[in-house]
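Please read the structure below before turning to the comments.
Note on naming: letters A, B, ... go to the chains in the order of the sequence lines (proteins, then strands), and numbering restarts at 1 for each one.
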Amino acid sequence: MSDSVATNTSTAEATEPTFDQFGLSADILKAVRESGYTTPTPIQAQAIPVVLAGRDVMGAAQTGTGKTASFSLPIIQRLLPNANTSASPARHPVRALMLTPTRELADQVAANVQTYSKHTPLRSTVVFGGVDMNPQSDALRRGVEILIATPGRLLDHVQQKTVNLGQVQMLVLDEADRMLDMGFLPDLQRILNLLPKERQTLLFSATFSPEIKKLASTYLRNPQTIEVARSNSTNANVRQIVYEVHESDKSGAVAQLIRERELKQVIVFCNSKIGASRLARVLEKDGIVATAIHGDRSQSERMQALDAFKRGEIEALVATDVAARGLDIAELPAVINFDLPFNAEDYVHRIGRTGRAGASGDALSLCSANERKQLADIEKLIKRPLEVEPLEVTMRARRDGTAPRRDERFGRPERPERTERRHTSRDESGPRRRTAGTHDRPRGRQQPIDEFFLKPYEPSPSAMKRHEETVEPERKSAPKQPLAALLGGLGMPRKS
DNA sequence: AAAAAAC
(Lines give C-alpha, C1' and ligand atoms only; values in the text may rest on other atoms or scores of the structure.)
Protein backbone atom coordinates (compact mmCIF):
# COMPACT_ATOMS: atom_id res chain seq x y z
CA MET A 1 0.00 0.00 0.00
CA SER A 2 2.48 2.51 1.06
CA ASP A 3 4.45 3.17 -1.95
CA SER A 4 7.67 4.68 -2.92
CA VAL A 5 6.99 4.97 -6.54
CA ALA A 6 10.24 5.28 -8.21
CA THR A 7 13.17 3.56 -6.84
CA ASN A 8 12.52 -0.02 -5.97
CA THR A 9 14.04 -1.62 -8.99
CA SER A 10 17.63 -2.65 -8.94
CA THR A 11 17.29 -3.96 -12.45
CA ALA A 12 16.22 -0.60 -13.76
CA GLU A 13 19.72 0.59 -13.20
CA ALA A 14 21.15 -2.04 -15.39
CA THR A 15 18.86 -1.53 -18.34
CA GLU A 16 17.75 1.76 -19.76
CA PRO A 17 14.12 2.32 -18.83
CA THR A 18 11.69 2.48 -21.71
CA PHE A 19 8.08 3.47 -22.19
CA ASP A 20 7.17 -0.19 -22.70
CA GLN A 21 7.42 -0.88 -18.99
CA PHE A 22 4.21 0.93 -18.11
CA GLY A 23 1.78 -1.28 -19.95
CA LEU A 24 0.55 1.53 -22.16
CA SER A 25 -1.43 0.52 -25.21
CA ALA A 26 0.33 -0.05 -28.50
CA ASP A 27 -1.46 2.92 -30.02
CA ILE A 28 -0.05 5.23 -27.41
CA LEU A 29 3.42 3.77 -27.60
CA LYS A 30 3.39 4.19 -31.32
CA ALA A 31 2.65 7.89 -30.98
CA VAL A 32 5.35 8.24 -28.36
CA ARG A 33 7.84 6.55 -30.63
CA GLU A 34 6.85 8.77 -33.53
CA SER A 35 7.47 11.77 -31.34
CA GLY A 36 11.02 10.55 -30.99
CA TYR A 37 10.90 9.72 -27.30
CA THR A 38 12.49 6.52 -26.12
CA THR A 39 13.35 6.99 -22.48
CA PRO A 40 10.91 8.30 -19.92
CA THR A 41 12.06 11.28 -17.93
CA PRO A 42 12.19 10.97 -14.13
CA ILE A 43 8.81 12.62 -13.65
CA GLN A 44 7.31 10.32 -16.25
CA ALA A 45 8.86 7.25 -14.72
CA GLN A 46 7.37 8.21 -11.38
CA ALA A 47 4.03 9.67 -12.32
CA ILE A 48 2.80 7.35 -15.06
CA PRO A 49 2.36 4.25 -12.86
CA VAL A 50 0.71 6.27 -10.13
CA VAL A 51 -1.76 7.89 -12.49
CA LEU A 52 -2.45 4.56 -14.15
CA ALA A 53 -3.23 3.16 -10.72
CA GLY A 54 -5.89 5.81 -10.34
CA ARG A 55 -4.33 7.71 -7.50
CA ASP A 56 -4.39 11.44 -6.98
CA VAL A 57 -1.08 13.13 -7.54
CA MET A 58 0.58 16.14 -6.06
CA GLY A 59 3.42 16.77 -8.45
CA ALA A 60 6.34 19.14 -8.17
CA ALA A 61 8.19 19.29 -11.40
CA GLN A 62 9.96 21.91 -13.34
CA THR A 63 8.29 22.58 -16.61
CA GLY A 64 10.27 21.02 -19.37
CA THR A 65 10.85 17.84 -17.48
CA GLY A 66 8.31 16.02 -19.57
CA LYS A 67 5.52 16.83 -17.20
CA THR A 68 2.83 17.09 -19.84
CA ALA A 69 3.44 13.58 -21.10
CA SER A 70 3.63 12.33 -17.54
CA PHE A 71 -0.06 13.02 -17.07
CA SER A 72 -1.29 12.92 -20.67
CA LEU A 73 -0.09 9.41 -21.48
CA PRO A 74 -1.66 7.63 -18.49
CA ILE A 75 -4.85 9.68 -18.81
CA ILE A 76 -5.22 8.64 -22.42
CA GLN A 77 -4.56 5.09 -21.37
CA ARG A 78 -7.20 5.20 -18.68
CA LEU A 79 -9.78 6.62 -21.06
CA LEU A 80 -9.09 4.05 -23.76
CA PRO A 81 -11.10 1.07 -22.52
CA ASN A 82 -14.32 3.01 -22.80
CA ALA A 83 -13.40 4.92 -25.91
CA ASN A 84 -15.67 4.41 -28.84
CA THR A 85 -15.78 5.53 -32.39
CA SER A 86 -19.36 6.62 -32.33
CA ALA A 87 -20.05 9.96 -33.89
CA SER A 88 -22.65 10.75 -31.30
CA PRO A 89 -21.58 13.56 -28.95
CA ALA A 90 -23.43 11.86 -26.17
CA ARG A 91 -20.97 9.06 -26.46
CA HIS A 92 -18.11 11.50 -26.05
CA PRO A 93 -18.66 13.30 -22.77
CA VAL A 94 -15.74 15.23 -21.33
CA ARG A 95 -14.01 12.72 -19.09
CA ALA A 96 -10.66 14.39 -18.62
CA LEU A 97 -10.24 18.10 -17.97
CA MET A 98 -6.89 19.86 -17.97
CA LEU A 99 -6.64 23.44 -16.73
CA THR A 100 -3.72 25.75 -17.34
CA PRO A 101 -3.05 29.37 -16.39
CA THR A 102 -2.21 30.79 -19.80
CA ARG A 103 -3.71 30.39 -23.23
CA GLU A 104 -0.43 29.47 -24.85
CA LEU A 105 0.12 26.75 -22.33
CA ALA A 106 -3.36 25.38 -22.91
CA ASP A 107 -2.70 25.32 -26.62
CA GLN A 108 0.57 23.54 -26.10
CA VAL A 109 -0.83 20.90 -23.76
CA ALA A 110 -3.63 20.35 -26.27
CA ALA A 111 -1.12 19.82 -29.05
CA ASN A 112 0.64 17.22 -26.91
CA VAL A 113 -2.57 15.41 -26.08
CA GLN A 114 -3.53 15.47 -29.73
CA THR A 115 -0.20 13.93 -30.66
CA TYR A 116 -0.26 11.19 -28.06
CA SER A 117 -3.84 10.23 -28.80
CA LYS A 118 -3.73 10.40 -32.56
CA HIS A 119 -3.84 6.64 -33.04
CA THR A 120 -6.70 6.25 -30.61
CA PRO A 121 -10.38 7.02 -31.11
CA LEU A 122 -10.25 9.59 -28.32
CA ARG A 123 -11.07 13.18 -29.14
CA SER A 124 -9.74 16.30 -27.57
CA THR A 125 -10.00 20.02 -27.97
CA VAL A 126 -8.88 23.21 -26.32
CA VAL A 127 -10.79 26.30 -25.26
CA PHE A 128 -9.33 29.62 -24.13
CA GLY A 129 -10.18 33.28 -24.32
CA GLY A 130 -9.25 35.92 -26.82
CA VAL A 131 -10.58 33.99 -29.76
CA ASP A 132 -13.98 33.28 -31.28
CA MET A 133 -16.12 31.05 -29.12
CA ASN A 134 -18.06 29.49 -31.96
CA PRO A 135 -15.48 27.06 -33.30
CA GLN A 136 -14.86 25.96 -29.74
CA SER A 137 -18.57 25.46 -29.17
CA ASP A 138 -18.81 23.44 -32.36
CA ALA A 139 -15.97 21.17 -31.30
CA LEU A 140 -17.55 20.71 -27.88
CA ARG A 141 -20.90 19.87 -29.42
CA ARG A 142 -19.28 17.24 -31.60
CA GLY A 143 -18.00 15.72 -28.38
CA VAL A 144 -14.57 15.31 -26.82
CA GLU A 145 -13.24 13.04 -24.11
CA ILE A 146 -10.35 15.32 -23.24
CA LEU A 147 -10.76 19.05 -22.79
CA ILE A 148 -7.91 21.45 -22.19
CA ALA A 149 -8.87 24.93 -21.05
CA THR A 150 -8.08 28.16 -19.31
CA PRO A 151 -10.53 28.71 -16.46
CA GLY A 152 -12.31 31.85 -17.62
CA ARG A 153 -13.31 30.66 -21.04
CA LEU A 154 -14.27 27.27 -19.69
CA LEU A 155 -16.73 28.92 -17.32
CA ASP A 156 -17.99 30.92 -20.23
CA HIS A 157 -18.76 27.71 -22.05
CA VAL A 158 -20.35 26.28 -18.95
CA GLN A 159 -22.64 29.27 -18.84
CA GLN A 160 -23.45 28.92 -22.52
CA LYS A 161 -24.19 25.28 -21.82
CA THR A 162 -21.87 24.24 -24.59
CA VAL A 163 -20.05 21.96 -22.21
CA ASN A 164 -21.08 19.66 -19.43
CA LEU A 165 -18.55 18.75 -16.80
CA GLY A 166 -20.71 16.26 -14.97
CA GLN A 167 -18.87 13.25 -16.34
CA VAL A 168 -15.32 14.36 -15.66
CA GLN A 169 -13.35 11.52 -14.13
CA MET A 170 -9.90 13.03 -14.26
CA LEU A 171 -8.83 16.56 -13.57
CA VAL A 172 -5.41 18.09 -14.09
CA LEU A 173 -4.46 21.40 -12.53
CA ASP A 174 -1.31 22.37 -14.36
CA GLU A 175 0.90 25.13 -12.97
CA ALA A 176 -1.46 25.37 -10.05
CA ASP A 177 0.72 27.82 -8.18
CA ARG A 178 0.57 30.11 -11.13
CA MET A 179 -3.18 29.87 -11.29
CA LEU A 180 -3.43 30.88 -7.66
CA ASP A 181 -0.99 33.74 -8.24
CA MET A 182 -3.18 34.94 -11.01
CA GLY A 183 -6.24 34.98 -8.83
CA PHE A 184 -7.92 32.00 -10.42
CA LEU A 185 -8.98 30.48 -7.16
CA PRO A 186 -12.62 31.58 -7.35
CA ASP A 187 -12.83 30.30 -10.91
CA LEU A 188 -11.21 27.04 -9.90
CA GLN A 189 -13.69 26.64 -7.10
CA ARG A 190 -16.60 27.20 -9.41
CA ILE A 191 -15.26 24.65 -11.84
CA LEU A 192 -14.46 22.11 -9.16
CA ASN A 193 -17.97 22.38 -7.82
CA LEU A 194 -19.27 21.26 -11.20
CA LEU A 195 -17.19 18.10 -11.22
CA PRO A 196 -18.15 14.74 -9.76
CA LYS A 197 -16.69 14.23 -6.31
CA GLU A 198 -15.61 10.82 -7.41
CA ARG A 199 -12.71 11.56 -9.67
CA GLN A 200 -8.96 11.47 -9.97
CA THR A 201 -7.19 14.77 -9.48
CA LEU A 202 -3.65 15.60 -10.48
CA LEU A 203 -2.15 18.83 -9.26
CA PHE A 204 1.14 20.09 -10.61
CA SER A 205 2.91 23.02 -9.12
CA ALA A 206 6.38 24.44 -9.16
CA THR A 207 6.22 24.98 -5.44
CA PHE A 208 4.34 23.54 -2.51
CA SER A 209 3.42 26.80 -0.87
CA PRO A 210 0.94 26.81 2.00
CA GLU A 211 -1.73 27.94 -0.45
CA ILE A 212 -1.04 25.02 -2.72
CA LYS A 213 -1.07 22.61 0.17
CA LYS A 214 -4.39 24.03 1.26
CA LEU A 215 -5.79 23.64 -2.22
CA ALA A 216 -4.52 20.09 -2.37
CA SER A 217 -5.92 19.13 0.99
CA THR A 218 -9.29 20.47 -0.08
CA TYR A 219 -9.55 18.89 -3.47
CA LEU A 220 -7.22 15.91 -3.56
CA ARG A 221 -7.79 12.57 -1.94
CA ASN A 222 -4.82 10.89 -0.38
CA PRO A 223 -2.49 12.14 -3.06
CA GLN A 224 0.82 10.59 -3.87
CA THR A 225 3.49 13.24 -3.75
CA ILE A 226 5.90 13.17 -6.63
CA GLU A 227 8.86 15.45 -6.62
CA VAL A 228 11.55 14.98 -9.17
CA ALA A 229 13.91 17.85 -8.86
CA ARG A 230 13.75 19.95 -5.78
CA SER A 231 11.53 22.84 -6.67
CA ASN A 232 13.27 26.16 -6.98
CA SER A 233 16.39 24.44 -8.15
CA THR A 234 17.65 25.23 -11.57
CA ASN A 235 18.65 22.98 -14.37
CA ALA A 236 22.35 22.14 -14.33
CA ASN A 237 22.41 22.33 -18.11
CA VAL A 238 21.73 26.03 -17.98
CA ARG A 239 24.72 28.29 -17.61
CA GLN A 240 23.68 31.39 -15.79
CA ILE A 241 25.50 34.67 -16.20
CA VAL A 242 24.54 38.05 -14.82
CA TYR A 243 25.87 41.12 -16.56
CA GLU A 244 25.95 44.38 -14.76
CA VAL A 245 24.89 47.12 -17.08
CA HIS A 246 23.52 50.58 -16.82
CA GLU A 247 19.78 50.67 -17.20
CA SER A 248 20.05 52.84 -20.30
CA ASP A 249 22.49 50.41 -21.90
CA LYS A 250 20.19 47.45 -21.71
CA SER A 251 18.76 47.61 -25.21
CA GLY A 252 22.21 47.88 -26.67
CA ALA A 253 23.40 45.09 -24.43
CA VAL A 254 20.68 42.77 -25.71
CA ALA A 255 21.56 43.53 -29.32
CA GLN A 256 25.20 43.05 -28.54
CA LEU A 257 24.71 39.72 -26.79
CA ILE A 258 22.61 38.45 -29.67
CA ARG A 259 25.26 39.47 -32.18
CA GLU A 260 28.34 38.43 -30.27
CA ARG A 261 26.95 35.08 -29.34
CA GLU A 262 25.33 34.68 -32.71
CA LEU A 263 22.06 33.71 -31.11
CA LYS A 264 19.66 32.59 -33.78
CA GLN A 265 16.82 32.11 -31.34
CA VAL A 266 16.40 33.82 -28.03
CA ILE A 267 13.58 34.79 -25.73
CA VAL A 268 14.14 38.15 -24.07
CA PHE A 269 12.10 38.64 -20.92
CA CYS A 270 10.91 42.06 -19.82
CA ASN A 271 8.99 43.01 -16.72
CA SER A 272 6.44 45.16 -18.46
CA LYS A 273 4.31 44.94 -21.55
CA ILE A 274 5.35 48.40 -22.68
CA GLY A 275 8.98 47.55 -22.11
CA ALA A 276 8.64 44.42 -24.20
CA SER A 277 7.03 46.26 -27.09
CA ARG A 278 9.60 48.99 -26.91
CA LEU A 279 12.54 46.61 -26.86
CA ALA A 280 11.16 44.64 -29.77
CA ARG A 281 10.97 47.86 -31.77
CA VAL A 282 14.50 48.85 -30.86
CA LEU A 283 15.87 45.45 -31.79
CA GLU A 284 14.01 45.54 -35.07
CA LYS A 285 15.61 48.85 -35.88
CA ASP A 286 18.94 47.34 -35.05
CA GLY A 287 18.33 44.75 -37.71
CA ILE A 288 17.33 41.90 -35.43
CA VAL A 289 14.10 40.20 -36.32
CA ALA A 290 12.08 40.62 -33.17
CA THR A 291 8.48 40.44 -32.04
CA ALA A 292 6.84 41.14 -28.72
CA ILE A 293 4.46 38.77 -27.00
CA HIS A 294 2.43 39.93 -24.03
CA GLY A 295 -1.05 40.20 -22.67
CA ASP A 296 -1.94 43.43 -24.39
CA ARG A 297 -1.43 41.94 -27.82
CA SER A 298 -4.34 40.23 -29.46
CA GLN A 299 -4.53 36.50 -29.20
CA SER A 300 -3.91 36.13 -32.91
CA GLU A 301 -0.82 38.31 -32.64
CA ARG A 302 0.38 36.22 -29.74
CA MET A 303 -0.14 32.98 -31.58
CA GLN A 304 1.40 34.36 -34.72
CA ALA A 305 4.46 35.53 -32.83
CA LEU A 306 4.91 32.20 -31.11
CA ASP A 307 4.42 30.20 -34.28
CA ALA A 308 6.83 32.36 -36.25
CA PHE A 309 9.35 32.01 -33.47
CA LYS A 310 8.98 28.25 -33.40
CA ARG A 311 9.42 28.17 -37.16
CA GLY A 312 12.67 30.07 -36.75
CA GLU A 313 11.49 33.15 -38.55
CA ILE A 314 12.05 35.35 -35.56
CA GLU A 315 15.38 35.75 -33.83
CA ALA A 316 14.25 37.45 -30.67
CA LEU A 317 10.90 36.85 -29.01
CA VAL A 318 10.52 39.69 -26.55
CA ALA A 319 8.15 38.52 -23.86
CA THR A 320 6.58 39.29 -20.56
CA ASP A 321 6.07 36.51 -18.09
CA VAL A 322 3.15 35.29 -20.15
CA ALA A 323 5.86 33.21 -21.81
CA ALA A 324 7.79 32.41 -18.67
CA ARG A 325 6.12 29.18 -17.77
CA GLY A 326 5.65 25.96 -19.54
CA LEU A 327 6.31 27.05 -23.07
CA ASP A 328 8.27 24.42 -24.88
CA ILE A 329 10.44 25.67 -27.66
CA ALA A 330 12.73 23.03 -29.03
CA GLU A 331 16.43 23.71 -28.84
CA LEU A 332 16.22 27.21 -27.51
CA PRO A 333 19.89 28.02 -26.95
CA ALA A 334 19.45 31.01 -24.69
CA VAL A 335 17.18 33.32 -22.80
CA ILE A 336 18.01 36.87 -21.86
CA ASN A 337 16.52 38.67 -18.92
CA PHE A 338 16.26 42.28 -19.97
CA ASP A 339 14.90 42.93 -16.50
CA LEU A 340 15.34 40.74 -13.50
CA PRO A 341 11.89 39.53 -12.48
CA PHE A 342 10.29 40.97 -9.37
CA ASN A 343 9.36 37.51 -8.30
CA ALA A 344 12.39 35.27 -7.94
CA GLU A 345 10.42 32.18 -8.83
CA ASP A 346 9.74 33.67 -12.22
CA TYR A 347 13.47 33.72 -12.81
CA VAL A 348 13.57 29.97 -12.45
CA HIS A 349 10.68 29.61 -14.84
CA ARG A 350 12.11 31.99 -17.38
CA ILE A 351 15.47 30.32 -17.60
CA GLY A 352 13.71 26.98 -17.67
CA ARG A 353 12.78 27.79 -21.26
CA THR A 354 16.32 26.93 -22.29
CA GLY A 355 18.49 23.92 -21.66
CA ARG A 356 15.57 21.61 -22.10
CA ALA A 357 15.58 17.94 -22.89
CA GLY A 358 19.20 17.51 -21.97
CA ALA A 359 20.46 20.28 -24.24
CA SER A 360 22.59 23.01 -22.79
CA GLY A 361 21.49 26.60 -22.69
CA ASP A 362 22.56 30.00 -21.54
CA ALA A 363 20.59 32.25 -19.25
CA LEU A 364 21.95 35.75 -19.60
CA SER A 365 20.58 38.37 -17.26
CA LEU A 366 21.07 42.09 -17.33
CA CYS A 367 21.24 43.61 -13.91
CA SER A 368 21.24 47.32 -13.31
CA ALA A 369 22.08 49.06 -10.09
CA ASN A 370 18.50 49.19 -8.93
CA GLU A 371 17.92 45.48 -9.42
CA ARG A 372 20.28 44.19 -6.81
CA LYS A 373 17.41 43.34 -4.55
CA GLN A 374 15.96 41.07 -7.20
CA LEU A 375 19.35 39.51 -7.76
CA ALA A 376 19.71 38.81 -4.07
CA ASP A 377 16.24 37.27 -3.99
CA ILE A 378 17.10 35.01 -6.88
CA GLU A 379 20.34 33.86 -5.34
CA LYS A 380 18.49 33.16 -2.16
CA LEU A 381 15.87 31.12 -3.94
CA ILE A 382 18.25 29.04 -6.00
CA LYS A 383 20.53 28.79 -3.00
CA ARG A 384 23.72 29.82 -4.66
CA PRO A 385 25.39 32.99 -5.79
CA LEU A 386 25.34 33.79 -9.45
CA GLU A 387 28.30 34.54 -11.60
CA VAL A 388 28.30 38.28 -12.15
CA GLU A 389 30.48 40.06 -14.63
CA PRO A 390 30.50 43.52 -16.09
CA LEU A 391 29.43 43.85 -19.68
CA GLU A 392 31.10 46.45 -21.78
CA VAL A 393 28.36 47.62 -24.04
CA THR A 394 29.97 48.85 -27.18
CA MET A 395 26.84 48.95 -29.17
CA ARG A 396 24.22 51.52 -28.72
CA ALA A 397 20.72 50.70 -29.67
CA ARG A 398 19.41 53.69 -31.50
CA ARG A 399 15.89 54.84 -31.15
CA ASP A 400 15.99 56.80 -34.36
CA GLY A 401 16.30 53.82 -36.59
CA THR A 402 19.85 54.39 -37.76
CA ALA A 403 22.37 51.65 -37.56
CA PRO A 404 23.94 51.07 -34.19
CA ARG A 405 27.25 52.75 -33.70
CA ARG A 406 29.98 50.38 -32.81
CA ASP A 407 32.78 50.92 -30.41
CA GLU A 408 31.19 53.90 -28.92
CA ARG A 409 31.60 54.06 -25.22
CA PHE A 410 28.94 55.76 -23.26
CA GLY A 411 27.49 55.93 -19.85
CA ARG A 412 30.80 57.07 -18.47
CA PRO A 413 30.94 59.51 -15.63
CA GLU A 414 30.58 63.08 -16.61
CA ARG A 415 33.63 64.75 -17.86
CA PRO A 416 35.34 66.79 -15.19
CA GLU A 417 35.26 69.88 -17.36
CA ARG A 418 32.06 70.75 -19.03
CA THR A 419 32.13 70.58 -22.76
CA GLU A 420 30.24 73.07 -24.76
CA ARG A 421 26.86 71.75 -25.74
CA ARG A 422 25.90 72.45 -29.25
CA HIS A 423 22.27 73.20 -29.40
CA THR A 424 22.03 73.32 -33.12
CA SER A 425 21.16 70.17 -34.94
CA ARG A 426 24.23 68.36 -36.02
CA ASP A 427 25.58 65.01 -36.94
CA GLU A 428 27.51 63.83 -39.88
CA SER A 429 25.11 61.02 -40.48
CA GLY A 430 23.24 62.93 -43.08
CA PRO A 431 20.45 65.45 -43.08
CA ARG A 432 17.81 65.04 -40.47
CA ARG A 433 14.26 65.19 -41.51
CA ARG A 434 13.29 67.31 -38.64
CA THR A 435 15.33 69.52 -36.46
CA ALA A 436 15.83 67.80 -33.19
CA GLY A 437 13.60 69.29 -30.59
CA THR A 438 14.86 69.54 -27.10
CA HIS A 439 13.11 66.38 -26.05
CA ASP A 440 14.26 64.42 -29.03
CA ARG A 441 17.62 64.24 -27.43
CA PRO A 442 17.62 62.26 -24.26
CA ARG A 443 18.44 64.61 -21.49
CA GLY A 444 20.78 63.58 -18.77
CA ARG A 445 22.04 60.69 -20.76
CA GLN A 446 25.42 61.09 -19.18
CA GLN A 447 24.41 60.13 -15.72
CA PRO A 448 27.02 59.81 -13.06
CA ILE A 449 28.04 56.26 -12.80
CA ASP A 450 26.51 54.43 -9.95
CA GLU A 451 28.80 53.14 -7.32
CA PHE A 452 27.52 49.75 -8.30
CA PHE A 453 29.73 50.00 -11.31
CA LEU A 454 32.73 51.47 -9.64
CA LYS A 455 33.40 48.73 -7.21
CA PRO A 456 33.24 45.20 -8.50
CA TYR A 457 30.29 43.15 -7.46
CA GLU A 458 31.27 40.99 -4.58
CA PRO A 459 29.35 37.78 -4.56
CA SER A 460 31.79 35.91 -2.43
CA PRO A 461 31.54 37.41 1.06
CA SER A 462 28.09 38.89 1.16
CA ALA A 463 26.33 36.53 -1.16
CA MET A 464 27.82 33.56 0.55
CA LYS A 465 26.78 34.97 3.88
CA ARG A 466 23.29 35.47 2.56
CA HIS A 467 23.46 32.04 1.18
CA GLU A 468 24.28 30.58 4.54
CA GLU A 469 21.74 32.66 6.34
CA THR A 470 18.99 31.50 4.10
CA VAL A 471 19.43 27.82 3.79
CA GLU A 472 15.83 27.56 4.82
CA PRO A 473 14.32 30.59 3.15
CA GLU A 474 10.91 31.37 4.44
CA ARG A 475 8.17 31.91 2.00
CA LYS A 476 6.79 35.37 2.03
CA SER A 477 4.10 35.47 -0.62
CA ALA A 478 1.08 36.58 1.29
CA PRO A 479 -2.04 35.63 -0.58
CA LYS A 480 -3.83 38.53 -2.13
CA GLN A 481 -7.14 37.36 -0.85
CA PRO A 482 -7.86 35.59 2.37
CA LEU A 483 -7.40 32.19 0.93
CA ALA A 484 -8.45 30.30 3.96
CA ALA A 485 -11.75 32.13 3.95
CA LEU A 486 -12.31 31.33 0.31
CA LEU A 487 -11.40 27.71 0.73
CA GLY A 488 -13.26 27.41 3.98
CA GLY A 489 -16.43 28.93 2.71
CA LEU A 490 -16.97 26.61 -0.12
CA GLY A 491 -18.16 23.59 1.72
CA MET A 492 -16.17 21.10 -0.25
CA PRO A 493 -15.52 17.91 1.55
CA ARG A 494 -12.09 17.72 3.03
CA LYS A 495 -10.55 14.55 1.87
CA SER A 496 -12.88 11.81 2.80
C1' DA B 1 5.64 47.20 -8.96
C1' DA B 2 4.01 43.78 -12.91
C1' DA B 3 2.04 40.10 -15.28
C1' DA B 4 -1.77 36.78 -16.45
C1' DA B 5 -7.22 35.64 -17.45
C1' DA B 6 -14.04 35.94 -19.79
C1' DC B 7 -17.26 38.88 -22.18
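- The side chain of A:Arg103 lies closest to B:dA6 when the candidates are B:dA6, B:dA2, B:dA4.
- In the set B:dA6, B:dA3, B:dA5, the nucleotide with an atom closest to the side chain of A:Phe184 is B:dA5.
- Here B:dA1 is the nucleotide among B:dA1, B:dA6, B:dA4 with the atom lying nearest to any side-chain atom of A:Phe342.
- Distances shown here put a side-chain N or O of A:Thr320 below 4.0 Å from the OP1 or OP2 atom of B:dA4.
- The phosphate of B:dA5 has neither OP1 nor OP2 within less than 4.0 Å of any side-chain N or O from A:Thr102.
- The pair A:Lys250-A:Asp339 counts as a salt bridge, with a side-chain nitrogen and a carboxylate oxygen less than 4.0 angstrom apart.
- What separates CD1 of A:Ile274 from P of B:dA2 is a distance of 9 Å, to the nearest Å.
- Nucleotide B:dA6 holds its P atom 13 Å from the CZ atom of A:Arg190, rounded to whole Å.
- A salt bridge does not link A:Arg178 to A:Glu345: none of the charged nitrogens lies less than 4.0 Å from a carboxylate oxygen.
- Within the nucleic acid shown, A:Asn271 comes within 4.0 Å of sugar-phosphate atoms alone, with no base atom in reach, counting heavy atoms only.
- For A:Ser272, counting side-chain heavy atoms from C-beta on, the closest listed nucleotide (B:dA4, B:dA2, B:dA6) is B:dA2.
- Ion pair A:Asp174/A:Lys67 flagged as a salt bridge, since at least one NZ, NE, NH1 or NH2 atom sits closer than 4.0 Å to an Asp/Glu carboxylate oxygen.
- Using a 4.0 Å cut-off between charged side-chain N and carboxylate O, A:Lys273 and A:Asp296 make a salt bridge.
- As rounded to whole Å, 16 Å separates atom P of B:dA3 from atom CG of A:Leu340.
- Rounded to whole Å, the distance from CZ on A:Arg297 to P on B:dA4 is 12 Å.
- If you measure from atom CG of A:Leu188 to atom C1' of B:dA6, you get 14 Å, rounded to the nearest angstrom.
- B:dA4 atom C1' lies 15 Å from atom CD of A:Glu345, rounded to whole Å.
- Between the CG atom of A:Asp187 and the P atom of B:dA6 there is a distance of 9 Å, given to the nearest Å.
- Salt-bridge check for A:Asp107 with A:Arg103: failed, with every basic side-chain N at 4.0 Å or more from each acidic carboxylate O.
- When rounded to the nearest whole Å, the span between CG of A:Leu105 and P of B:dA4 equals 14 Å.
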